[in-house]
Amino acid sequence: MPASRLLPTPFHGSEEAFHMIAQGAEGVVYRTNFLSSNSSTSPSNDISGNAALKIRYPKPWRHPILDRRLTRQRILAEARVLVKLSRELRAPGDGISGAVPNVLGMSSEEGWLATEWIEGATVKAGIRGWEERQRVLREKAQRGDDVASEAQLEVLRALLRRIGAVVGRLHVCGIVHGDLTTSNMMVRACKPSPMGKAEAVASTSDDDKLEGEIVLLDFGLAQQSIADEDRAVDLYVLERAFGSTHPKVMEGRYSGQSAGAMFDEVLQAYAVATGKAGKITLRKLEDVRMRGRKKSMLG
Amino acid sequence: MDGGCAAPERRDGCQAFGAKLENTLPTVVKSTTVLLYNHSLLLMSTFTIEAVRLPHLQDHPLQVGLFKNVANAQFLRQQLLEGNAEYEYAFLDATVLISRAHVFAACFRAINDQLNNRLKTKNVHSEIVFDLSPNNNIAESFRRFGISDTTKHVVAIKVGGDAAQIRAFLEKNIEGEPAALSDESLRSLGDLARIRKIYRLEAPKKGQAELGLGQGAESFVLGSLALKGS
(Lines give C-alpha, C1' and ligand atoms only; values in the text may rest on other atoms or scores of the structure.)
Protein backbone atom coordinates (compact mmCIF):
# COMPACT_ATOMS: atom_id res chain seq x y z
CA MET A 1 0.00 0.00 0.00
CA PRO A 2 1.49 3.38 -0.87
CA ALA A 3 1.90 5.86 1.93
CA SER A 4 -1.33 7.60 2.62
CA ARG A 5 -1.34 11.37 2.36
CA LEU A 6 -2.40 11.60 5.96
CA LEU A 7 0.87 10.25 7.34
CA PRO A 8 2.85 12.72 9.45
CA THR A 9 6.37 13.89 8.59
CA PRO A 10 8.72 12.14 7.85
CA PHE A 11 6.52 9.25 6.73
CA HIS A 12 4.52 11.42 4.39
CA GLY A 13 5.92 10.81 0.92
CA SER A 14 8.10 7.94 2.09
CA GLU A 15 9.13 5.37 -0.47
CA GLU A 16 8.88 2.57 2.07
CA ALA A 17 5.86 0.29 2.11
CA PHE A 18 3.31 0.67 4.88
CA HIS A 19 1.10 -2.32 5.65
CA MET A 20 -1.85 -1.57 7.86
CA ILE A 21 -1.96 -4.18 10.60
CA ALA A 22 -4.63 -2.90 12.93
CA GLN A 23 -6.90 0.05 13.30
CA GLY A 24 -8.39 1.06 16.58
CA ALA A 25 -10.34 4.01 17.88
CA GLU A 26 -7.16 5.80 18.87
CA GLY A 27 -4.54 4.82 16.38
CA VAL A 28 -3.47 2.85 13.36
CA VAL A 29 -0.63 0.33 13.37
CA TYR A 30 1.45 -0.19 10.25
CA ARG A 31 4.21 -2.59 9.53
CA THR A 32 7.13 -0.88 7.83
CA ASN A 33 10.90 -0.57 7.94
CA PHE A 34 12.56 1.63 10.50
CA LEU A 35 16.26 2.47 10.95
CA SER A 36 17.29 -0.33 8.64
CA SER A 37 15.90 -2.10 5.62
CA ASN A 38 16.77 -5.48 7.00
CA SER A 39 13.56 -7.31 7.55
CA SER A 40 12.03 -10.68 7.21
CA THR A 41 8.96 -11.32 5.17
CA SER A 42 5.97 -13.14 6.56
CA PRO A 43 5.69 -16.33 4.58
CA SER A 44 1.91 -16.30 4.60
CA ASN A 45 1.12 -12.87 3.21
CA ASP A 46 4.36 -11.52 1.73
CA ILE A 47 4.36 -8.54 4.06
CA SER A 48 7.71 -7.29 5.24
CA GLY A 49 8.99 -4.67 7.63
CA ASN A 50 11.07 -4.69 10.78
CA ALA A 51 9.00 -2.27 12.83
CA ALA A 52 5.49 -1.61 14.01
CA LEU A 53 4.58 2.04 13.56
CA LYS A 54 1.67 3.28 15.61
CA ILE A 55 0.24 6.56 14.47
CA ARG A 56 -2.30 8.60 16.39
CA TYR A 57 -3.88 10.77 13.76
CA PRO A 58 -5.27 14.18 14.68
CA LYS A 59 -8.96 14.06 15.55
CA PRO A 60 -10.58 16.93 13.68
CA TRP A 61 -13.54 17.14 16.06
CA ARG A 62 -11.33 18.07 18.98
CA HIS A 63 -9.99 21.51 19.61
CA PRO A 64 -6.51 21.53 18.00
CA ILE A 65 -4.70 22.52 21.18
CA LEU A 66 -6.46 19.88 23.25
CA ASP A 67 -5.94 17.33 20.48
CA ARG A 68 -2.20 17.93 20.35
CA ARG A 69 -1.90 17.74 24.09
CA LEU A 70 -3.84 14.49 24.41
CA THR A 71 -1.98 12.84 21.53
CA ARG A 72 1.33 13.93 22.98
CA GLN A 73 0.53 12.68 26.46
CA ARG A 74 -0.72 9.32 25.27
CA ILE A 75 2.18 8.56 22.94
CA LEU A 76 4.59 9.60 25.67
CA ALA A 77 2.90 7.52 28.34
CA GLU A 78 3.03 4.43 26.16
CA ALA A 79 6.67 4.99 25.20
CA ARG A 80 7.71 5.62 28.80
CA VAL A 81 6.10 2.40 29.95
CA LEU A 82 7.72 0.40 27.14
CA VAL A 83 11.18 1.80 27.82
CA LYS A 84 10.84 1.19 31.53
CA LEU A 85 9.79 -2.38 30.84
CA SER A 86 12.52 -2.92 28.25
CA ARG A 87 14.93 -2.69 31.16
CA GLU A 88 12.98 -4.09 34.08
CA LEU A 89 10.74 -6.80 32.70
CA ARG A 90 13.48 -9.23 31.83
CA ALA A 91 13.79 -11.66 34.70
CA PRO A 92 17.19 -11.29 36.35
CA GLY A 93 19.85 -13.41 34.71
CA ASP A 94 17.69 -15.35 32.30
CA GLY A 95 19.00 -13.46 29.32
CA ILE A 96 15.74 -13.58 27.45
CA SER A 97 14.89 -10.92 24.94
CA GLY A 98 12.31 -8.44 26.07
CA ALA A 99 8.77 -9.44 26.88
CA VAL A 100 7.69 -6.14 25.33
CA PRO A 101 8.65 -4.73 21.93
CA ASN A 102 11.64 -2.37 22.00
CA VAL A 103 11.04 1.29 21.25
CA LEU A 104 12.98 2.35 18.15
CA GLY A 105 11.76 5.91 17.78
CA MET A 106 9.01 8.28 18.74
CA SER A 107 7.73 11.73 18.11
CA SER A 108 5.01 12.83 20.46
CA GLU A 109 4.48 16.06 18.52
CA GLU A 110 3.60 14.27 15.29
CA GLY A 111 2.00 11.43 17.20
CA TRP A 112 3.93 8.31 16.20
CA LEU A 113 5.73 5.53 17.98
CA ALA A 114 7.95 2.97 16.25
CA THR A 115 8.65 -0.33 17.96
CA GLU A 116 10.38 -3.53 17.02
CA TRP A 117 8.32 -5.93 14.93
CA ILE A 118 7.58 -9.15 16.79
CA GLU A 119 7.55 -12.28 14.65
CA GLY A 120 5.02 -14.81 15.73
CA ALA A 121 1.32 -15.20 16.27
CA THR A 122 -1.03 -13.71 18.82
CA VAL A 123 -1.91 -15.89 21.77
CA LYS A 124 -5.47 -15.75 20.49
CA ALA A 125 -4.45 -17.26 17.15
CA GLY A 126 -2.25 -19.76 18.96
CA ILE A 127 -5.07 -21.02 21.17
CA ARG A 128 -7.54 -21.05 18.27
CA GLY A 129 -5.02 -23.15 16.35
CA TRP A 130 -4.70 -25.52 19.28
CA GLU A 131 -8.50 -25.84 19.50
CA GLU A 132 -8.69 -26.52 15.79
CA ARG A 133 -6.11 -29.31 16.12
CA GLN A 134 -8.16 -30.88 18.93
CA ARG A 135 -11.23 -30.80 16.69
CA VAL A 136 -9.36 -32.57 13.89
CA LEU A 137 -7.98 -35.17 16.31
CA ARG A 138 -11.42 -35.77 17.74
CA GLU A 139 -12.96 -36.28 14.31
CA LYS A 140 -10.26 -38.74 13.43
CA ALA A 141 -10.90 -40.68 16.61
CA GLN A 142 -14.65 -40.30 16.16
CA ARG A 143 -15.17 -39.32 19.72
CA GLY A 144 -18.11 -37.31 20.90
CA ASP A 145 -16.64 -35.25 23.71
CA ASP A 146 -14.05 -32.49 23.59
CA VAL A 147 -11.57 -33.97 26.04
CA ALA A 148 -8.01 -33.59 24.82
CA SER A 149 -5.07 -35.83 25.59
CA GLU A 150 -2.99 -35.06 28.64
CA ALA A 151 0.03 -34.19 26.48
CA GLN A 152 -2.03 -31.72 24.47
CA LEU A 153 -3.48 -30.21 27.62
CA GLU A 154 -0.03 -29.75 29.05
CA VAL A 155 1.01 -27.68 26.01
CA LEU A 156 -1.92 -25.36 26.64
CA ARG A 157 -1.37 -25.26 30.39
CA ALA A 158 2.29 -24.36 29.91
CA LEU A 159 1.22 -21.46 27.71
CA LEU A 160 -1.24 -20.26 30.34
CA ARG A 161 1.41 -20.48 33.03
CA ARG A 162 3.79 -18.35 30.99
CA ILE A 163 1.05 -15.78 30.52
CA GLY A 164 0.45 -15.68 34.26
CA ALA A 165 4.17 -15.33 34.94
CA VAL A 166 4.67 -12.45 32.52
CA VAL A 167 1.63 -10.55 33.81
CA GLY A 168 2.98 -11.10 37.33
CA ARG A 169 6.38 -9.72 36.41
CA LEU A 170 4.68 -6.77 34.73
CA HIS A 171 2.82 -5.95 37.93
CA VAL A 172 5.96 -6.33 40.00
CA CYS A 173 7.51 -3.65 37.76
CA GLY A 174 4.75 -1.29 38.87
CA ILE A 175 2.82 -1.27 35.60
CA VAL A 176 -0.73 -2.35 34.90
CA HIS A 177 -1.51 -3.03 31.25
CA GLY A 178 -5.10 -1.85 31.18
CA ASP A 179 -6.19 -3.98 28.23
CA LEU A 180 -4.98 -7.53 28.72
CA THR A 181 -6.53 -9.71 26.06
CA THR A 182 -5.23 -12.70 24.15
CA SER A 183 -4.95 -10.48 21.05
CA ASN A 184 -2.60 -8.16 22.90
CA MET A 185 -0.16 -10.97 23.61
CA MET A 186 2.07 -12.74 21.19
CA VAL A 187 4.06 -15.91 21.21
CA ARG A 188 7.43 -14.96 19.77
CA ALA A 189 8.46 -17.16 16.86
CA CYS A 190 12.10 -16.23 17.20
CA LYS A 191 14.76 -17.21 19.59
CA PRO A 192 17.67 -14.88 20.22
CA SER A 193 20.80 -16.31 18.67
CA PRO A 194 24.25 -15.90 20.25
CA MET A 195 24.93 -13.09 17.81
CA GLY A 196 22.10 -11.14 19.34
CA LYS A 197 20.12 -11.21 16.16
CA ALA A 198 16.79 -12.89 15.95
CA GLU A 199 16.73 -15.95 13.81
CA ALA A 200 13.55 -17.59 12.78
CA VAL A 201 13.20 -21.00 14.31
CA ALA A 202 11.63 -23.44 11.97
CA SER A 203 8.74 -24.99 13.82
CA THR A 204 8.62 -28.70 13.40
CA SER A 205 5.20 -29.14 14.89
CA ASP A 206 2.29 -26.80 15.42
CA ASP A 207 2.56 -27.17 19.16
CA ASP A 208 5.97 -25.49 18.99
CA LYS A 209 4.14 -22.35 18.04
CA LEU A 210 2.81 -22.19 21.57
CA GLU A 211 6.24 -22.60 23.12
CA GLY A 212 7.87 -19.27 22.33
CA GLU A 213 8.29 -16.43 24.74
CA ILE A 214 5.22 -14.34 25.56
CA VAL A 215 5.41 -10.70 24.41
CA LEU A 216 2.89 -8.15 25.62
CA LEU A 217 1.65 -5.59 23.13
CA ASP A 218 -0.32 -2.36 23.06
CA PHE A 219 0.43 -0.39 26.19
CA GLY A 220 -1.83 2.43 25.02
CA LEU A 221 -3.97 2.05 28.15
CA ALA A 222 -1.16 1.12 30.52
CA GLN A 223 -0.62 2.96 33.78
CA GLN A 224 2.07 3.10 36.38
CA SER A 225 0.31 1.70 39.40
CA ILE A 226 1.00 -0.58 42.30
CA ALA A 227 -2.55 -0.54 43.65
CA ASP A 228 -4.04 -3.98 44.29
CA GLU A 229 -7.30 -2.71 42.87
CA ASP A 230 -5.70 -1.86 39.50
CA ARG A 231 -3.80 -5.13 39.42
CA ALA A 232 -6.91 -7.13 40.23
CA VAL A 233 -8.88 -5.31 37.53
CA ASP A 234 -6.07 -6.13 35.08
CA LEU A 235 -6.48 -9.84 35.88
CA TYR A 236 -10.24 -9.56 35.78
CA VAL A 237 -10.16 -7.97 32.32
CA LEU A 238 -7.92 -10.83 31.15
CA GLU A 239 -10.23 -13.41 32.68
CA ARG A 240 -13.30 -11.94 31.00
CA ALA A 241 -11.52 -11.48 27.68
CA PHE A 242 -10.27 -15.04 27.85
CA GLY A 243 -13.74 -16.33 28.65
CA SER A 244 -15.33 -14.63 25.68
CA THR A 245 -12.49 -15.37 23.22
CA HIS A 246 -11.88 -18.97 24.19
CA PRO A 247 -15.10 -20.10 25.92
CA LYS A 248 -14.43 -23.82 25.55
CA VAL A 249 -11.04 -23.54 27.21
CA MET A 250 -12.55 -21.44 29.97
CA GLU A 251 -15.40 -23.86 30.57
CA GLY A 252 -12.99 -26.73 30.97
CA ARG A 253 -14.45 -28.68 28.06
CA TYR A 254 -11.05 -30.00 26.98
CA SER A 255 -9.88 -31.05 30.41
CA GLY A 256 -13.17 -32.26 31.78
CA GLN A 257 -12.61 -29.97 34.74
CA SER A 258 -14.92 -27.42 36.20
CA ALA A 259 -15.26 -23.99 34.62
CA GLY A 260 -12.31 -21.72 35.30
CA ALA A 261 -9.93 -24.52 36.20
CA MET A 262 -7.75 -23.83 33.16
CA PHE A 263 -7.57 -20.14 33.96
CA ASP A 264 -6.35 -21.05 37.43
CA GLU A 265 -3.08 -22.00 35.74
CA VAL A 266 -2.68 -18.32 34.87
CA LEU A 267 -3.50 -17.22 38.41
CA GLN A 268 -1.22 -19.77 40.04
CA ALA A 269 1.74 -18.77 37.89
CA TYR A 270 0.85 -15.16 38.64
CA ALA A 271 0.98 -15.90 42.36
CA VAL A 272 4.40 -17.53 42.01
CA ALA A 273 5.76 -14.53 40.07
CA THR A 274 4.41 -11.92 42.46
CA GLY A 275 4.84 -13.56 45.85
CA LYS A 276 3.23 -11.93 48.85
CA ALA A 277 1.73 -8.95 47.03
CA GLY A 278 0.15 -11.37 44.56
CA LYS A 279 -1.85 -13.09 47.28
CA ILE A 280 -3.50 -9.80 48.19
CA THR A 281 -4.19 -9.07 44.52
CA LEU A 282 -5.82 -12.46 44.03
CA ARG A 283 -8.02 -11.89 47.08
CA LYS A 284 -8.97 -8.53 45.61
CA LEU A 285 -9.80 -10.31 42.34
CA GLU A 286 -12.62 -12.13 44.20
CA ASP A 287 -14.14 -8.74 45.11
CA VAL A 288 -13.78 -7.46 41.57
CA ARG A 289 -15.49 -10.58 40.21
CA MET A 290 -18.44 -9.88 42.47
CA ARG A 291 -18.94 -6.31 41.37
CA GLY A 292 -17.28 -6.00 37.95
CA ARG A 293 -14.55 -3.76 36.67
CA LYS A 294 -15.94 -0.43 37.77
CA LYS A 295 -15.55 0.36 41.39
CA SER A 296 -18.79 1.61 42.83
CA MET A 297 -18.74 5.29 43.58
CA LEU A 298 -21.13 4.77 46.47
CA GLY A 299 -20.05 3.75 49.96
CA MET B 1 53.19 3.74 -7.43
CA ASP B 2 54.73 1.33 -5.04
CA GLY B 3 55.26 -1.72 -7.16
CA GLY B 4 55.51 -4.11 -4.22
CA CYS B 5 52.05 -3.36 -3.10
CA ALA B 6 49.33 -5.71 -4.13
CA ALA B 7 46.34 -4.48 -6.02
CA PRO B 8 43.66 -3.29 -3.65
CA GLU B 9 41.77 -6.20 -2.32
CA ARG B 10 38.18 -5.77 -3.22
CA ARG B 11 35.90 -6.00 -0.26
CA ASP B 12 32.66 -7.24 -1.54
CA GLY B 13 30.69 -7.08 1.66
CA CYS B 14 29.51 -10.66 1.37
CA GLN B 15 32.98 -12.10 1.28
CA ALA B 16 34.72 -9.78 3.65
CA PHE B 17 32.16 -9.46 6.36
CA GLY B 18 29.91 -12.40 5.84
CA ALA B 19 26.41 -12.50 4.55
CA LYS B 20 24.97 -11.98 8.02
CA LEU B 21 26.32 -8.49 8.35
CA GLU B 22 25.30 -7.68 4.82
CA ASN B 23 21.73 -8.46 5.73
CA THR B 24 21.74 -5.96 8.53
CA LEU B 25 22.79 -3.04 6.39
CA PRO B 26 20.29 -0.52 5.16
CA THR B 27 20.34 0.15 1.45
CA VAL B 28 24.02 0.51 1.04
CA VAL B 29 26.22 1.64 -1.75
CA LYS B 30 29.80 0.78 -1.13
CA SER B 31 32.76 2.38 -2.72
CA THR B 32 36.19 0.95 -2.74
CA THR B 33 38.75 3.65 -2.63
CA VAL B 34 42.46 3.94 -2.47
CA LEU B 35 43.75 6.00 0.40
CA LEU B 36 46.98 7.74 1.19
CA TYR B 37 47.91 8.23 4.77
CA ASN B 38 50.68 8.26 7.32
CA HIS B 39 52.78 10.98 5.65
CA SER B 40 56.03 9.03 5.30
CA LEU B 41 54.60 5.69 4.32
CA LEU B 42 52.88 5.19 1.05
CA LEU B 43 50.25 2.60 1.68
CA MET B 44 47.50 1.28 -0.44
CA SER B 45 44.44 0.38 1.44
CA THR B 46 40.85 -0.23 0.75
CA PHE B 47 38.02 1.20 2.68
CA THR B 48 34.38 1.73 2.63
CA ILE B 49 32.53 4.93 3.14
CA GLU B 50 28.95 3.99 2.97
CA ALA B 51 26.05 5.82 1.50
CA VAL B 52 23.22 4.95 3.83
CA ARG B 53 19.60 5.62 3.07
CA LEU B 54 17.51 5.41 6.19
CA PRO B 55 13.99 4.15 5.61
CA HIS B 56 11.54 7.06 5.17
CA LEU B 57 14.38 9.55 4.75
CA GLN B 58 15.20 8.76 1.15
CA ASP B 59 15.78 12.46 0.43
CA HIS B 60 18.47 12.66 3.10
CA PRO B 61 21.16 10.11 2.27
CA LEU B 62 23.97 9.79 4.78
CA GLN B 63 27.67 9.31 4.08
CA VAL B 64 29.12 7.32 6.94
CA GLY B 65 32.69 6.30 7.67
CA LEU B 66 34.68 4.87 10.56
CA PHE B 67 38.29 5.92 11.07
CA LYS B 68 40.54 4.12 13.52
CA ASN B 69 43.62 5.56 15.22
CA VAL B 70 42.96 9.09 14.08
CA ALA B 71 46.02 11.29 14.49
CA ASN B 72 44.52 14.73 13.91
CA ALA B 73 41.53 14.73 16.25
CA GLN B 74 42.73 17.98 17.79
CA PHE B 75 42.78 19.65 14.38
CA LEU B 76 39.31 18.37 13.50
CA ARG B 77 37.91 19.59 16.79
CA GLN B 78 39.51 22.98 16.23
CA GLN B 79 37.74 23.28 12.89
CA LEU B 80 34.42 22.56 14.58
CA LEU B 81 35.11 25.12 17.30
CA GLU B 82 35.98 27.73 14.71
CA GLY B 83 32.78 26.96 12.87
CA ASN B 84 34.65 26.11 9.66
CA ALA B 85 31.74 25.33 7.34
CA GLU B 86 33.83 22.90 5.29
CA TYR B 87 34.05 20.70 8.36
CA GLU B 88 30.34 20.60 9.03
CA TYR B 89 30.20 16.90 9.79
CA ALA B 90 29.07 14.87 12.74
CA PHE B 91 32.34 13.55 14.16
CA LEU B 92 31.53 10.94 16.81
CA ASP B 93 33.72 9.16 19.31
CA ALA B 94 33.39 5.55 18.15
CA THR B 95 34.18 4.11 21.60
CA VAL B 96 30.83 5.19 23.06
CA LEU B 97 28.71 3.86 20.22
CA ILE B 98 26.95 0.54 20.70
CA SER B 99 25.77 -0.41 17.25
CA ARG B 100 24.74 0.87 13.87
CA ALA B 101 21.17 1.12 15.10
CA HIS B 102 22.37 3.35 17.93
CA VAL B 103 24.04 5.72 15.46
CA PHE B 104 21.16 5.67 13.01
CA ALA B 105 18.54 6.27 15.69
CA ALA B 106 20.31 9.54 16.50
CA CYS B 107 20.59 10.40 12.79
CA PHE B 108 16.90 9.70 12.25
CA ARG B 109 15.86 11.87 15.13
CA ALA B 110 18.18 14.71 14.10
CA ILE B 111 16.89 14.73 10.52
CA ASN B 112 13.28 14.40 11.68
CA ASP B 113 13.71 17.32 14.06
CA GLN B 114 15.25 19.33 11.27
CA LEU B 115 12.29 18.56 9.01
CA ASN B 116 9.96 19.72 11.77
CA ASN B 117 12.03 22.84 12.50
CA ARG B 118 12.91 22.07 16.06
CA LEU B 119 16.65 21.59 16.12
CA LYS B 120 18.09 22.34 19.53
CA THR B 121 21.61 22.90 18.24
CA LYS B 122 23.14 24.81 15.33
CA ASN B 123 22.73 22.29 12.55
CA VAL B 124 21.70 18.75 11.81
CA HIS B 125 25.24 17.44 12.33
CA SER B 126 25.68 18.84 15.81
CA GLU B 127 22.16 17.62 16.47
CA ILE B 128 23.25 14.02 15.71
CA VAL B 129 25.91 14.34 18.41
CA PHE B 130 23.41 15.88 20.81
CA ASP B 131 20.77 13.23 20.08
CA LEU B 132 23.11 10.45 21.18
CA SER B 133 23.14 11.83 24.69
CA PRO B 134 20.57 10.61 27.19
CA ASN B 135 20.10 14.10 28.66
CA ASN B 136 19.53 17.64 27.44
CA ASN B 137 22.90 19.14 28.22
CA ILE B 138 24.37 20.17 24.88
CA ALA B 139 27.92 20.88 26.05
CA GLU B 140 28.04 17.56 27.86
CA SER B 141 26.74 15.69 24.83
CA PHE B 142 29.52 17.19 22.68
CA ARG B 143 32.08 16.26 25.31
CA ARG B 144 30.89 12.70 25.56
CA PHE B 145 29.94 11.81 22.02
CA GLY B 146 31.74 14.38 19.91
CA ILE B 147 35.40 14.54 19.01
CA SER B 148 37.90 15.60 21.66
CA ASP B 149 41.64 16.20 21.43
CA THR B 150 42.32 12.66 22.57
CA THR B 151 39.70 10.83 20.51
CA LYS B 152 41.29 7.92 18.72
CA HIS B 153 38.46 6.35 16.76
CA VAL B 154 36.07 8.58 14.87
CA VAL B 155 32.80 8.00 13.07
CA ALA B 156 32.18 10.72 10.51
CA ILE B 157 28.68 11.38 9.21
CA LYS B 158 27.43 13.84 6.63
CA VAL B 159 23.78 14.36 5.83
CA GLY B 160 23.10 15.09 2.17
CA GLY B 161 25.74 16.61 -0.06
CA ASP B 162 27.69 15.16 -2.93
CA ALA B 163 28.87 11.64 -2.17
CA ALA B 164 32.09 11.78 -4.20
CA GLN B 165 33.11 15.12 -2.74
CA ILE B 166 32.44 13.97 0.81
CA ARG B 167 34.44 10.84 0.28
CA ALA B 168 37.38 12.76 -1.13
CA PHE B 169 37.20 15.26 1.69
CA LEU B 170 37.19 12.64 4.43
CA GLU B 171 40.05 10.71 2.83
CA LYS B 172 42.09 13.87 2.61
CA ASN B 173 41.39 15.40 5.99
CA ILE B 174 41.08 12.57 8.47
CA GLU B 175 44.42 11.01 9.28
CA GLY B 176 43.30 7.58 10.33
CA GLU B 177 42.67 4.05 9.17
CA PRO B 178 39.31 3.79 7.51
CA ALA B 179 37.21 0.76 8.39
CA ALA B 180 33.72 -0.43 7.73
CA LEU B 181 31.16 0.81 10.23
CA SER B 182 29.64 -2.43 11.45
CA ASP B 183 28.16 -3.70 14.69
CA GLU B 184 31.25 -5.88 15.02
CA SER B 185 33.73 -3.04 14.59
CA LEU B 186 31.86 -0.86 17.08
CA ARG B 187 31.71 -3.72 19.54
CA SER B 188 35.46 -4.26 19.30
CA LEU B 189 36.17 -0.55 19.87
CA GLY B 190 33.53 0.03 22.54
CA ASP B 191 34.49 1.31 25.99
CA LEU B 192 31.87 -0.62 27.93
CA ALA B 193 32.54 1.02 31.28
CA ARG B 194 32.04 4.45 29.77
CA ILE B 195 28.92 3.43 27.85
CA ARG B 196 27.45 1.97 31.04
CA LYS B 197 28.23 5.12 32.96
CA ILE B 198 26.71 7.43 30.35
CA TYR B 199 23.51 5.44 29.92
CA ARG B 200 23.37 4.18 33.49
CA LEU B 201 23.36 0.55 32.48
CA GLU B 202 23.87 -2.24 34.93
CA ALA B 203 27.47 -3.31 35.26
CA PRO B 204 28.36 -6.97 35.73
CA LYS B 205 28.76 -7.83 39.40
CA LYS B 206 32.19 -8.36 40.84
CA GLY B 207 33.54 -11.76 40.00
CA GLN B 208 31.14 -12.13 37.09
CA ALA B 209 32.57 -12.44 33.65
CA GLU B 210 32.37 -9.46 31.33
CA LEU B 211 29.81 -10.58 28.79
CA GLY B 212 29.42 -7.40 26.80
CA LEU B 213 26.44 -5.13 27.02
CA GLY B 214 23.84 -7.76 26.36
CA GLN B 215 20.70 -7.56 24.33
CA GLY B 216 18.76 -5.43 26.74
CA ALA B 217 21.26 -2.59 26.69
CA GLU B 218 20.69 -1.52 23.12
CA SER B 219 16.92 -1.60 23.42
CA PHE B 220 17.02 0.47 26.59
CA VAL B 221 19.44 2.97 25.05
CA LEU B 222 17.37 3.39 21.88
CA GLY B 223 14.28 3.85 24.04
CA SER B 224 16.00 6.44 26.21
CA LEU B 225 17.11 8.41 23.16
CA ALA B 226 13.60 8.34 21.72
CA LEU B 227 12.15 9.60 25.00
CA LYS B 228 14.70 12.33 25.52
CA GLY B 229 13.44 15.87 25.78
CA SER B 230 9.82 14.99 26.30
Side-chain angles (χ1 to χ4, degrees), chain A residues 3 7-18 32-40 49-51 53 72-73 75-76 79-80 82-90 92-93 95-98 100-110 112-116 192-193 195-199, chain B residues 18 20-28 52-60 98-109 111-118 131 134 183-184 187 199-202 205 208 211-230:
Chain A
L7 291 168
T9 324
F11 307 108
H12 175 82
S14 167
E15 286 170 6
E16 293 288 326
F18 292 82
T32 186
N33 282 323
F34 195 76
L35 295 187
S36 87
S37 305
N38 150 47
S39 60
S40 57
N50 55 19
L53 178 68
R72 205 183 114 81
Q73 279 173 358
I75 288 276
L76 254 175
R80 281 203 183 109
L82 285 172
V83 172
K84 182 180 157 85
L85 292 175
S86 77
R87 174 143 83 168
E88 294 176 13
L89 196 55
R90 51 195 76 238
I96 55 162
S97 40
V100 293
N102 300 327
V103 174
L104 303 175
M106 176 205 73
S107 176
S108 54
E109 298 298 325
E110 286 80 49
W112 58 265
L113 173 69
T115 57
E116 157 203 19
S193 72
M195 293 299 293
K197 294 187 190 79
E199 274 172 18
Chain B
K20 191 177 283 165
L21 168 64
E22 196 66 9
N23 289 338
T24 70
L25 302 176
T27 323
V28 159
V52 176
R53 278 166 40 137
L54 293 178
H56 311 295
L57 299 176
Q58 63 274 355
D59 300 334
H60 301 265
I98 300 173
S99 62
R100 287 169 63 90
H102 184 203
V103 177
F104 293 149
C107 295
F108 191 97
R109 175 150 183 188
I111 296 169
N112 185 40
D113 284 350
Q114 184 187 38
L115 289 172
N116 288 297
N117 296 319
R118 50 164 184 252
D131 281 345
D183 288 346
E184 284 76 13
R187 204 175 301 145
Y199 289 109
R200 295 186 190 149
L201 301 171
E202 270 177 46
K205 292 194 183 71
Q208 264 183 353
L211 294 169
L213 287 172
Q215 277 203 321
E218 186 191 65
S219 31
F220 179 69
V221 167
L222 290 194
S224 309
L225 297 189
L227 276 178
K228 182 174 92 159
S230 45

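These figures come from a predicted structure and were not determined experimentally. Throughout, a chain's letter reflects where its sequence line sits, starting with A, and its residues are numbered from 1.
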Q | Spacing of OG belonging to B/Ser99 relative to CG belonging to A/Leu35, to within rounding of 0.5 Å | A | 9.5 Å
Q) Can you find a pair of side-chain heavy atoms, one from B/Glu218 and one from A/Ser86, that are under 4.5 Å apart? A) no
Q) Measuring from B/Leu57:CG to A/Ser14:OG, what's the distance to the nearest 0.5 Å? A) 8.0 Å
Q) In Å and rounded to the nearest 0.5 Å, what is the CG to CZ distance from A/Asn102 to B/Phe220? A) 11.5 Å
(Q) With a sphere of 6.0 Å drawn around CZ of B/Arg200, does it hold more than 12 non-hydrogen atoms of other residues, nucleotides or ligands? (A) no
Q | pair B/Arg53-A/Glu15: side-chain heavy atoms closer than 4.5 Å | A | yes
Q. Where does A/Glu110 contact chain B at under 4.5 Å (heavy atoms): side chain, backbone, both or neither?
A. side chain
Q. Can you say whether A/Ser107 sits under 4.5 Å from chain B via the side chain, the backbone, both, or neither, judging by heavy atoms?
A. side chain
Q: Take B/Arg109 and A/Met106 through the side chain to side chain contact (heavy atoms under 4.5 Å, CB included) test and state the conclusion after the steps.
A: CA-CA 9 Å; B/Arg109 175 150 183 188; A/Met106 176 205 73; over 6 Å; no
Q) Step by step, would you call A/Trp112 with B/Asn112 a side chain to side chain contact (heavy atoms under 4.5 Å, CB included)? A) CA-CA 12 Å; A/Trp112 58 265; B/Asn112 185 40; 3.6 Å; yes
Q: Give the ring-plane orientation class for B/His56 versus A/Phe34, where under 30° counts as parallel, over 60° as perpendicular and anything between as tilted.
A: tilted
**Q.** Approximate separation, where rounding is to 0.5 Å, of B/Ser224 OG and A/Arg87 CZ
**A.** 7.0 Å
(Q) With rounding to the nearest 0.5 angstrom, report the CD1 to CG distance, A/Ile75 to B/Leu227. (A) 11.5 Å
Q) Taking the side chain from B/Gln58 and the backbone from A/Gly13, do they hold a donor-acceptor pair closer than 3.5 Å? A) yes
**Q.** Minimum-distance pair of heavy atoms, taken over all atoms of A/Ser37 and B/Pro55
**A.** OG-CG, 4.0 Å
Q) If you count heavy-atom pairs under 4.5 Å with chain A, which of B/Asn116, B/Leu115, B/Leu222 comes out on top? A) B/Asn116
Q. Which heavy atom of A/Val83 sits nearest a heavy atom of B/Gly223, and at what distance?
A. CG2-CA, 3.5 Å
